[in-house]
*Asks:* 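Quick one: structure below, then a few questions.
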Amino acid sequence: QVQLVESGGGLVQAGGSLRLSCAASGRTFSTYRWGWYRQAPGKEREFLAAVTWSGRGTYYTDSVKGRFTISRDNAKNTVLLQMDSLTPEDTASYYCVVGRTGLDDIAGVDYWGQGTQVTVSS
């Protein structure tokens, strides 16, 4: 059974940082793309970032570009999301995703994590 398990969420003050981690079990995803989505209350799920299988290609939505950094460790079957300069608008549940094609479209996601809550206080 494939599982993606996120960790690292929590409460942080505006301007602070958090690092999210996602570990996969049940199979390896070394040739898949990894990514992150988030969903705030009352809003649709939003694509944030993705990284190619090699780790050399990264993609970000405009709202997090320059503040968030995605990376992966194929040996550990994990992906990280370093989040800096957080604002209250970043408050949401954050989801790790895996897919074989573009992850900026939900249709491209093959697997979802269960989510981890990030709350940014003003």
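Note that this is a predicted model, so its numbers are computed, not measured.
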*Asks:* With heavy-atom distances below 4.5 Å as the criterion, would you say the side chains of R38 and S63 are in contact?
*Replies:*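 Sidechains of S63 and R38: in contact.
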
*Asks:* Enter the distance from T69:OG1 to R67:CZ here, rounded to the nearest 0.5 Å.
*Replies:*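 Nearest 0.5 Å value for the OG1-CZ distance: 10.5 Å.
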
*Asks:* Can you tell me how far the OG atom of S30 sits from the CG atom of D73, to the nearest 0.5 Å?
*Replies:*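 With rounding to 0.5 Å, OG (S30) is 11.5 Å from CG (D73).
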
*Asks:* Taking all heavy atoms of D84 and all of S17, pick out the closest pair and write down the distance.
*Replies:*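 Nearest pair, atom of D84 first, then S17: OD1-OG, 2.7 Å.
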
*Asks:* For D105, enumerate each residue passing the salt bridge (Lys or Arg N to Asp or Glu O under 4.0 Å) test, keeping only those at least two apart in sequence or located in another chain.
*Replies:*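 Result, salt bridge (Lys or Arg N to Asp or Glu O under 4.0 Å) vs D105: none returned.
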
*Asks:* Test your reading of the model: is there a side-chain donor-acceptor pair from Y59 to the backbone of T52, 3.5 Å cut-off?
*Replies:*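 Side chain of Y59 to backbone of T52, a donor-acceptor pair under 3.5 Å: no, none is there.
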
*Asks:* Report the hydrophobic cluster partners of L81, with the cluster defined as I, L, V, M, F, W, Y residues connected by side-chain heavy atoms closer than 4.5 angstrom, directly or transitively.
*Replies:*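 Its cluster mates, by chain and number, are V2, L4, V12, L18, L20, F29, Y32, W34, W36, L48, V51, Y60, V64, F68, I70, V79, M83, L86, Y94, V98, Y111, V118, V120.
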
*Asks:* My understanding is that only one of Q117, R45, Q39 makes a side-chain hydrogen bond (donor to acceptor under 3.5 Å, both in side chains) with S93; could you say which?
*Replies:*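 Result for side-chain hydrogen bond (donor to acceptor under 3.5 Å, both in side chains) with S93: Q117.
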
*Asks:* Does anything in residues 5-33 pair up under salt bridge (Lys or Arg N to Asp or Glu O under 4.0 Å), and if so which pairs, sequence neighbours excluded?
*Replies:*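 Sorted result for residues 5-33: empty, none.
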
*Asks:* Please determine whether the number of non-hydrogen atoms from other residues, nucleotides or ligands lying under 6.0 Å from atom NZ of K65 exceeds 12.
*Replies:*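 Buried by this count: over 12 neighbours within 6.0 Å.
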
*Asks:* What pair of heavy atoms forms the shortest contact from Y95 to W112, and how long is it?
*Replies:*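 That would be CB-CE3, 3.9 Å.
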
*Asks:* Grab the two heavy atoms, one from A14 and one from P88, that are nearest each other, plus how far apart they are.
*Replies:*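 Heavy-atom minimum between the residues: CB-CD, 4.1 Å.
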
